[in-house]
Amino acid sequence: IQFLNDFTTPEFLAVIGRKRLLAERDAMTPLTVERTLPALDVKADAYIRLVWRRRELAPLIKERMRGLDAWLTPTIGMVAPTLDEITDVEKGLALEARLGINTHNVSMWSLCAASVPVQEPGDLPIGLQVVSAGGTEARLLAICRAIEGEIGAPPLPDLAPFLAPA
């Protein structure tokens with residue numbers, strides 16, 4: 001996970017820009033600011049070494065995926081967080097590390113994935129992440145549809161409270 005954070009946080013900073021982060025930090029969520037500030041201190045040589053290492057590892061990941069249709073993981077290996085866990089910066093940083101443990105690597109290694117809802121009606125959402133090699137989106141979606149065909153369509157959420165006039 002640290003490798004991933006060392007790689008993605010400077011890239012996020014590059015997208016929003018140093019000046020913008022510092023000038024508009026009060027308009028950003030505290031969690032976004034705290035997560036991004038360490039990128040201000042990343043040295044160019046350290047970042048470039050990470051880019052090179054990613055290039056070395058990407059073909060190995062691709063090779064390991066050969067012959068696999070997909071692998072399955074929980075989308076998120078925990079129950080839904082509370083509002084307090086999301087708004088408290090310290091708790092939020094710890095939560096973020098746990099939330100992305102199964103999904104961040106999919107993005108890092110250019111794989112593709114989808115999350116299939118598998119909860120019982122009325123229960124908290126649970127997702128089954130289906131991961132396959134990059135560029136195999138059609139096959140991935142066919143696998144997800146097959147899973148859905150076996151376990152049934154996901155329950156539709158009750159949107160009435162959100163659609164009711166205020």
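By convention here, the first residue in the shown sequence is residue 1.
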- [ ] Following the transitive rule for hydrophobic clusters with a side-chain heavy-atom cut-off under 4.5 Å over Ile, Leu, Val, Met, Phe, Trp and Tyr, establish whether Leu57 and Leu68 coincide in one cluster.
- [x] yes
Task: Partners passing side-chain hydrogen bond (donor to acceptor under 3.5 Å, both in side chains) against Thr73 (at least two apart in sequence or in another chain) - done: Gln129
TODO: Would you give the length of the straight line joining atom CG of Leu50 to atom CD of Glu11, rounded to the nearest 0.5 angstrom?
DONE: 10.0 Å
Task: Verdict with supporting geometry, Leu128 and Thr75, side-chain contact (heavy atoms from CB on, under 4.5 Å) - done: CA-CA 5 Å; Leu128 178 66; Thr75 302; 5.5 Å; no
TODO: Kindly indicate whether the side chain of Met28, heavy atoms from C-beta on, has any atom under 4.5 Å from the side chain of Leu21.
DONE: yes
Scan the side chains in residues 135-146 for donor-acceptor partners under 3.5 Å anywhere in the protein, sequence neighbours excluded, and list what turns up.
from: Thr136; atom 1: OG1; to: Ser132; atom 2: OG; distance (Å): 2.8
from: Thr136; atom 1: OG1; to: Ala133; atom 2: O; distance (Å): 2.5

- [ ] State, yes or no, whether a side-chain contact exists between Leu72 and Ile147 at a heavy-atom distance under 4.5 Å.
- [x] yes
TODO: Please list, chain by chain and in numerical order, all residues satisfying side chain to side chain contact (heavy atoms under 4.5 Å, CB included) with Ser110, sequence neighbours excluded.
DONE: Arg54
Open item on the list: Between Thr9 and Leu13, is there a side-chain heavy-atom distance shorter than 4.5 Å?
Closed with: no
Open item on the list: Rounded to the nearest 0.5 Å, what separates atom CZ in Arg25 from atom CZ in Arg20?
Closed with: 15.0 Å
TODO: Please tell me if the side chains of Trp109 and Val131 come closer than 4.5 Å, counting only heavy atoms from C-beta onward.
DONE: no
TODO: Is it possible for you to say whether Leu60 and Val51 belong to one hydrophobic cluster, with membership spreading through side-chain heavy-atom contacts below 4.5 Å?
DONE: yes
Task: Any side-chain heavy-atom pair of Thr29 and Thr32 under 4.5 Å - done: yes
Open item on the list: If you apply the rule side-chain contact (heavy atoms from CB on, under 4.5 Å), what do you find for Leu111 with Lys62, and how did you get there?
Closed with: CA-CA 9 Å; Leu111 304 171; Lys62 187 174 183 177; over 6 Å; no
Open item on the list: Could you see if Leu31 belongs to whatever hydrophobic cluster contains Leu37? Use Ile, Leu, Val, Met, Phe, Trp, Tyr and a side-chain cutoff under 4.5 Å.
Closed with: no
Task: Pairwise ring pair (Phe, Tyr, Trp, His ring centres under 6.0 Å) hits with a residue in residues 45-64, at least two apart - done: Phe7-Tyr47
Task: Side-chain touch Val118/Ile151, heavy atoms, less than 4.5 angstrom - done: yes
Open item on the list: The criterion is salt bridge (charged side-chain N to carboxylate O under 4.0 Å, His left out); which residues satisfy it with Lys91, sequence neighbours excluded?
Closed with: Asp84
Open item on the list: Looking at Glu150, I'd like to know if its CD atom is crowded, meaning that more than 12 non-hydrogen atoms belonging to other residues, nucleotides or ligands lie closer than 6.0 Å.
Closed with: no
Task: Cluster companions of Leu163 among Ile, Leu, Val, Met, Phe, Trp, Tyr (side-chain spacing under 4.5 Å) - done: Leu159, Phe162
Task: Transitive ILVMFWY side-chain link Ile126 to Ile76, under 4.5 Å - done: no
Open item on the list: Taking Leu40's backbone N and O only, do any of them form a donor-acceptor pair with Arg18's side chain (distance below 3.5 Å, no angle check)?
Closed with: yes
